[in-house]
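Encoded as structure tokens, the structure appears first; notes follow it.
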Protein chains: 2
Amino acid sequence: MSDVAKLANVSTATVSRVLRKPETVKKATQEKVFYAIQQLDYQPNMLARHFRTNKTKSIMVVVPSLTNLVFAAMIDGIDEVATAAGYQVIFGNTKQNTGKAREYVAHLKQKQVDGIILMTVRLEQEAWAEIANRYPIVLASDALVGLKVPTVSTTNIEGAYEAVCHLIQLGHKKIAHVAGLPEIAVSRERAKGYRLALEENGITFDPALYLEGEYSIEVGRKSMKKLMSQSPKPTAVFFGNDEMAIGGIKAAKELGMRVPEDVAVIGFDDIKFAEVMDPPLTTVAQPLHEMGKKAMEILLTLMNGQKTDQDVYTIKSEFKIRDSCGAYLKN
Amino acid sequence: MSDVAKLANVSTATVSRVLRKPETVKKATQEKVFYAIQQLDYQPNMLARHFRTNKTKSIMVVVPSLTNLVFAAMIDGIDEVATAAGYQVIFGNTKQNTGKAREYVAHLKQKQVDGIILMTVRLEQEAWAEIANRYPIVLASDALVGLKVPTVSTTNIEGAYEAVCHLIQLGHKKIAHVAGLPEIAVSRERAKGYRLALEENGITFDPALYLEGEYSIEVGRKSMKKLMSQSPKPTAVFFGNDEMAIGGIKAAKELGMRVPEDVAVIGFDDIKFAEVMDPPLTTVAQPLHEMGKKAMEILLTLMNGQKTDQDVYTIKSEFKIRDSCGAYLKN
DNA sequence: ACATAAAATGTAATCGTTTACTTTACATAT
DNA sequence: ATATGTAAAGTAAACGATTACATTTTATGT
């Protein structure tokens, strides 16, 4: 920078100002400086800048898995807003490892990132609330119930409720639910919507028709097989997410059953492969991109030192009726 | 840090040494310092450290899209090695924007990251080679032919060759190929394998059976429809990647055709949904996780100031025969 | 032309580590 | 007890930008 200053015949302060607050520098001087910058191919040392300003202009996204389309889509939304605001996005991959997430908070304390967006929270909920009180943190997708941490989520309960009601309207009485792990709030909410729908329609909850497991193709597959090996068999299965549902459909086919004729299936998320399945998967679409964008927007205001006006921002899910639920079956 | 030094009755230099080169400090002193650190809940300011050492211990991964399972799996491998080596992973999303990638190189020059892994390169190949000459850069998946940039890739030509040969052995003569965009090296290589297989088996290349487009479900779908709207129709289609193949199968079904009876389909990548498709997709599996790990390992040696012993590291692909190619059809 | 205010630029301290160099403490040999 | 060598700890400069404050230049009004 001092080289630039020398060449342009100004002080380093002026060079800095040209770069950071051009409006305080005369046009003619700016040109001199820019010319010198170009001549020398000067690149500002960001490390020095970050050090001096005590900001990194980067945020961390903590995800449980990178190879999950749901998180990928959300990150895409985050990235869009972050980039526009001049922020970098850094990854924190917890790999289902509970402790790992808290480790990443050290980055925050060590000034490595200006804020964090968390995509899954397990256990130690109070600890998170406390951390969120001191640092800019936003929860996306998952939620900390009752705690004052800014959160972006979708209408999980309502979405699940709508899906199950739809199955009931189609005449199903024995509707199973394969839920995600109960330590994830999202799983609990969707299960709640499921039970609510049953209740309101006078169907008694049958524990035999309720399974739990990790959100994955494999668990979906095994769950379907388990459900079909017992009696009474369900005539419809509402899966906690699309990957599970896809595994479930696969299993049904392996068992020689037809979907939706022998068993109706509904998923949750609307990942890009849902529509292209055979049969096309009926699902509750999460506005993932929007959620990511919103989460980043909230984080920006937080990092800006402002308070948020709400704790929970809910973005509506959309029920997408396709073939796997049997709504389009001609009887 | 000076607070810690004061409390432990040592100099800041010693505190720093305890943290960075403990072997040069007496055990007793170390304990004093650690105690002080704990008492004060001291967190080293990473910005200062990075500034002073001129290293960030972070690398950037430049991807064309985040919502692509191929890149996600590769990043997963990168992340594994990076985390183990104490590096952070930062994202650069080009969103198919050619210029964007070069923009990210500025991060390198500005010391924001210590190295870069590029997942797609388009145009301006020489410019990249020059940059790679000055900074630690590794190419993953895509390649710069003939240029000395360390590259990790899979056996695209051989994999495609094997797949197409397999179709030929099954009796197919009119085999179409839906390739990725030609500005991507991977697309060109797979197309090359396709042509090689035809050639070696005495089948003349038919331009009408060769389409190009972006790697996506939608393009796969449209391409299949286009292929089936002309004559002669192909009896088999080798798609440049799985997403395309999945779109292609979808389209075939929409046209009332059966896969593989009416048209055999093969993809490339082996994303996690390939096996669960109906019919299960025959595909050439890329060792994505391995490729990511290897790329990061090479980058580590590069950032360590060492030279690489090879320019191109090729990891074998694996041909996975499932149902969509018709090999398991009982005639 | 001059006083005064405003705009533009310069000066130099500062951020929190690391580390080359220096000093001190300690062990060993004579 | 003293010299010598090594290990441990201290001193202080340095990294490269930003910015409060001081100074100079320019603009404005009379």
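The model shown is predicted, which means the values in this text are computed figures rather than measured ones. In what follows, every chain begins at residue 1, and chains take the letters A, B, ... in the order their sequences are listed.
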Using whole Å, report how far [atom1] of [X] lies from [atom2] of [N].
X	N	atom1	atom2	value
K27(B)	dA7(D)	NZ	P	15 Å
M46(A)	dA17(D)	CE	P	10 Å
Q112(B)	dA17(D)	CD	P	13 Å
E23(A)	dT9(C)	CD	P	13 Å
H50(A)	dG16(D)	NE2	P	16 Å
Q110(B)	dA17(D)	CD	C1'	13 Å
E31(B)	dA8(D)	CD	P	14 Å
Q30(A)	dA8(C)	CD	P	10 Å

Distance (rounded to the nearest 0.5 Å) between [X] [atom1] and [Y] [atom2]:
X	Y	atom1	atom2	value
I37(A)	D3(A)	CD1	CG	12.0 Å
T308(B)	Y313(B)	OG1	OH	4.5 Å
N9(B)	T29(B)	CG	OG1	11.0 Å

**Prompt:** What is the nucleic acid contact for N9(A), judged by heavy atoms within less than 4.0 Å: base, sugar-phosphate only, or nothing?
**Reply:** sugar-phosphate
**Request:** Measure up the F51(A) and F51(B) rings against each other and bin them: parallel (under 30°), tilted (30 to 60°), perpendicular (over 60°).
**Result:** parallel
**Message:** Show the nearest heavy-atom pair for residues I78(B) and M119(B), with the distance to one decimal.
**Reply:** CD1-CE, 3.4 Å
**Prompt:** Which heavy atom of S141(A) sits nearest a heavy atom of M74(A), and at what distance?
**Reply:** CB-CE, 3.4 Å
**Request:** Could you verify whether a donor N or O on one side chain and an acceptor N or O on the other, from S58(A) and T56(A), lie under 3.5 Å apart?
**Result:** yes
**Prompt:** Any side-chain donor paired with an acceptor under 3.5 Å for T120(B) and D142(B)?
**Reply:** no
**Contact letters for nucleotides 14-26 of chain C, in which S counts primed atoms plus P, OP1 and OP2 and B counts the base, heavy atoms under 4.0 Å** = BBBBBB-------
**Message:** Pair D114(B), K55(B) - check salt bridge (Lys or Arg N to Asp or Glu O under 4.0 Å), show working.
**Reply:** CA-CA 6 Å; D114(B) 299 342; K55(B) 298 239 161 74; over 6 Å; no
**Message:** Roughly what angle, to 10°, lies between the helix axis at the start of the helix from dA1(C)-dT30(D) to dT30(C)-dA1(D) and the one at its end, five pairs per end?
**Reply:** 30°
